[in-house]
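Everything numeric in this text was worked out from a predicted model, so none of it was measured. Chain letters run A, B, ... following the sequence lines, proteins first and then strands; every chain starts at 1.
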Amino acid sequence: MNKNLPLSERERALKIIKILKSTYPRKNHVSGDPYKTLIRCIISQRNRDEVTDRVSEELFKRYPTIESIASASVEEMQNFLKSLKVGLWRSKGKWIVETSRIILKKYNGRVPDKFEELIKLPGIGRKCANIVLAYGFGIPAIPVDTHVYRISRRLGLAPWDASPEEVEERLKSLIPREEWIYVNHAMVDHGKSVCKPIKPRCWECPLRGLCPKIGVQDTSSQ
DNA sequence: CTCCCGATAT
DNA sequence: ATATCAGGAG
């Protein structure tokens with residue numbers, strides 16, 4: 001399905017991955033706990049990592065098991081999240097409890113390792129489903145979060161008007177399966193430090209020689 | 001497309 | 001004051 005692409009496109013993608021790897025060396029970490037990965041992913045939506053870390057820790061301290069979360073009422077979970085000052089606490093509280101109940105009852109407490117099943121869970125969309133596959137199970141997947149989305153398009157790896165899903169398919173066609181999980185790691189690291197949404201630090205970017213800077217507004221000064 | 005939500009970066 | 005943050009649902 002992806003054999004008609006010009007070789008140079010894939011070569012460029014490979015070159016990008018190679019440079020990212022030497023800049024942001026990181027082992028593909030598999031959590032070994034898909035359930036915690038999934039809950040963390042719900043909490044992480046539209047949040048900074050520091051918030052996600054803090055809230056996840058408090059959540060699992062108060063509710064150590066899937067059973068304890070599933071048996072909490074939605075309102076109780078919402079109030080708990082609210083007390084921790086997480087944004088979107090109403091949605092997230094509902095999703096965390098309901099998804100946990102479904103996993104417990106329908107899947108006997110085992111998080112499904114199929115995309116089609118994961119995406120049916122409340123609060124689990126494409127990105128979280130792929131996160132669970134990649135980081136919970138170690139199954140090749142490319143979670144397209146805000147960083148992967150932005151950077152892929154700036155690099156011209158996907159059209160500027162592509163949807164997140166289209167970016168995901170495009171990356172999958174360009175990048176060998178063994179590197180899929182790494183893509184998210186690399187672009188998140190790169191996106192937070194250099195290829196930032198506002199005022200990216202293009203002058204110190206290891207990819208500047210390969211980048212058309214699509215959609216980049218301001219590359220000047222600090 | 002809008003809403004959900006509070007905190008922080010710019 | 002506005003944009004953005006490891007998005008997803010209606």
Separation of the C1' atoms in B/dA7 and C/dA9, to the nearest angstrom
23 Å

Does A/R150 place a side-chain N or O at less than 4.0 Å from the phosphate oxygens OP1/OP2 of C/dC5?
yes

Do the side-chain N or O atoms of A/K199 get closer than 4.0 angstrom to the phosphate oxygens (OP1, OP2) of B/dA9?
no

Give A/C41 one of three labels, base, sugar-phosphate or nothing, depending on what nucleic acid heavy atoms sit under 4.0 Å from its own.
nothing

Under 4.0 angstrom, heavy atoms only, what part of the nucleic acid is A/I119 near: base, sugar-phosphate, or nothing?
nothing

So that I can tick it off, tell me whether A/E165 and A/R170 are bridged by a salt bridge, with the cut-off set at under 4.0 angstrom between side-chain N and carboxylate O.
no

Classify the nucleic acid contact of A/K196 as base, sugar-phosphate or nothing, counting any heavy atom under 4.0 Å across all strands shown.
sugar-phosphate

At under 4.0 Å between heavy atoms, what does A/T52 touch on the DNA or RNA strands: base, sugar-phosphate, or nothing?
nothing

Selection from C/dG7, C/dA6, B/dT10 that lies nearest to any side-chain heavy atom of A/I198
B/dT10

Validate the cation-pi geometry between A/R62 and A/F60: distance from NZ or CZ to the six-membered ring centre under 6.0 Å, angle to the ring axis within 45°.
no

Looking for any heavy atom pair under 4.0 Å, which part of the strands does A/I43 touch: base, sugar-phosphate only, or nothing?
nothing

Using a cut-off of 4.0 Å on non-hydrogen atoms, how would the nucleic acid contact of A/G87 be classed: base, sugar-phosphate, or nothing?
base

Does the A/R208 side chain pair with the main chain of A/C205, one donor and one acceptor, at a distance under 3.5 Å?
yes

Between P on C/dC5 and CZ on A/R54, what's the gap in Å once rounded to a whole number?
19 Å

Could you tell me the separation between the NZ atom of A/K92 and the P atom of B/dG6, rounded to a whole number of Å?
12 Å

Nearest-nucleotide pick for A/W95, side chain only, options being B/dC4, C/dA6, C/dG8
C/dG8

Atom CD of A/E75 with >12 non-hydrogen neighbours under 6.0 angstrom
no

Taking the six-membered ring for Trp and the single ring otherwise, decide whether the centroids of A/H190 and A/Y24 are under 6.0 Å apart.
yes

For A/G123 and for A/N47, locate the closest nucleotide of DNA chain C by heavy-atom distance; then report the residue assigned to the nucleotide nearer the 5' terminus.
A/N47

Taking atom C1' in both C/dT4 and B/dC4, compute the distance separating them and give it to the nearest angstrom.
15 Å

